[in-house]
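Read through the structure below, which is laid out as structure tokens, and then see the notes.
Note that the structure is a prediction, hence the values are computed from the model and not measured.
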Amino acid sequence: GVTISVKILLEGPYSSTGDSLRTSINGNVPLSQPYGESEFTSTPLEYSGSESVISMPALAVDWVLVQLRTGSPGAQTIVGTKAALLLSDGSVVDTDGLSPLTFDALASGSYYVVVFQRNHLGVMSASSVSLTASTTIYDFSNSSAKAFGASPMKDLGSSSFGLWAGDPSVDGQVTTSDFNQWLTATKAALVGYQITDMNLDGGVTAADFNLWLANTKVAALSKVPGVP
């Protein structure tokens, strides 16, 4: 197999204090990976894996999906997918809350690394990454050039970059459809683990709208090939 240690930040829960991610929804994050739920059907995030934990690690922020891809041009051939846990320091780890991700069925070689999260825009590594059984580190957070495409991540300040917030419709772009979904949820005063909670604080509020508004003004769009 091949093993990779990924680091990534999310705009929504990002805190410049300590260059970290807030864990406000930790108590509401499901113990089983959520990407098999109906809201992800027929989207780039649809995934039927059985990843789960007995208890959520204290530093867990949310579940993410990690793909390895091949193919040129386009890098659209998905050869491996795993649901993983995102920790407050940006580390993406396996369900033991500690280990890097191992894709057992893959031979050593060069792969594009893709990371998705349920209401932020996904990213792909700027180029293929050489992976072996030994752990390779890939840190998206310290340079926008680490991700494929123009403006693939949001500048969070302090030389940190993260996934754009504002895509609860899971279509790879920040548009009116995301606002409409947020509006319905905020009228219902939804709380807990909500896909429209774009800052991941446990509620659907004006703070989420403000994230959406800023990013729709710049037409934020996923640069992952095949999305949207």
Any donor-acceptor N or O pair under 3.5 Å, side chains Asn215, Glu11: yes
Closest heavy-atom pair, Met198 versus His120, reported as atoms and distance to 0.1 Å, is O-CE1, 3.4 Å
Give a yes or no on whether the backbone of Val191 and the side-chain of Gln194 come within a donor-acceptor separation of less than 3.5 Å. yes
Heavy-atom distance under 4.5 Å between the side chains of Thr95 and Trp63, does that happen here? yes
Would you check if Ser125 and Tyr138 make a side-chain contact, meaning some heavy-atom pair closer than 4.5 Å? yes
Any luck finding a side-chain donor-acceptor pair between Asp62 and Gln117 under 3.5 Å? yes
Side chains of Phe40 and Ile195, heavy atoms from C-beta outward: is any pair under 4.5 Å? yes
Nearest-0.5 Å distance that lies between atom CD in Gln33 and atom CG in Leu45: 10.0 Å
Compare all side-chain heavy atoms of Val92 with those of Val64 and state whether any distance is below 4.5 angstrom. yes
Please report the closest heavy-atom contact between Leu106 and Tyr111, naming both atoms and the distance. CB-OH, 3.7 Å
Once the angle between the rings of Trp182 and Phe209 is folded into 0 to 90°, is it parallel (under 30°), tilted (30 to 60°) or perpendicular (over 60°)? tilted
Same apolar cluster (I L V M F W Y, side chains within < 4.5 Å links), Leu221/Leu211: no
Min side-chain heavy-atom separation Leu65-Thr81 under 4.5 Å: yes
Between Thr102 and Asp104, is there a donor-acceptor pair closer than 3.5 Å when you use the side chain of the first and the backbone of the second? no
Test side-chain hydrogen bond (donor to acceptor under 3.5 Å, both in side chains), reference Ser160, set Asp19, Asp155, Asn142, output is Asp19
Is there a donor-acceptor contact under 3.5 Å from the side chain of Lys146 to the main chain of Asp139? yes
Given side chains that start at C-beta, do those of Thr196 and Asn119 come closer than 4.5 Å, heavy atoms only? no
Calculate, to the nearest 0.5 Å, the distance between atoms OH and NZ belonging to Tyr14 and Lys154 respectively. 12.0 Å
Could you check whether any side-chain N or O of Ser91 sits under 3.5 Å from a backbone N or O of Val93, counting only pairs where one atom can act as donor and the other as acceptor? no
Assess the side chains of Tyr35 and Glu39: does a donor N or O sit below 3.5 Å from an acceptor N or O? no
Point-to-point distance, once rounded to the nearest 0.5 Å, from OG of Ser169 to CG of Asp178: 3.5 Å
Nearest heavy-atom contact between Ser88 and Thr23 is CB-CG2, 3.8 Å
Phe148 atom CZ, over 12 foreign heavy atoms within 6.0 Å: no
Looking just at side-chain N and O atoms, do Thr175 and Ser177 make a donor-acceptor pair shorter than 3.5 Å? yes
Does Leu85 share a hydrophobic cluster with Leu31, counting links as ILVMFWY side-chain heavy atoms below 4.5 Å and allowing steps through other members? yes
Checking Ser24 against Asp201: is there a side-chain donor and acceptor pair closer than 3.5 Å? no
As an exercise, state the distance from CG of Asp167 to CD of Gln181, rounded to the nearest 0.5 Å. 9.0 Å
Does any part of the side chain of Ile8, heavy atoms only, come nearer than 4.5 Å to the side chain of Leu163, both counted from C-beta? yes
A cation-pi test, strictly: NZ or CZ of Lys7 under 6.0 Å from the centre of the six-membered ring of Phe140 and no more than 45 degrees from its axis. Yes or no? no
If I take atom CG from residue Leu190 and atom CG from residue Asp197, how far apart are they, to the nearest 0.5 angstrom? 10.0 Å
Between the CG atom in Asp208 and the CG atom in Leu213, the distance rounded to the nearest 0.5 Å is 12.5 Å
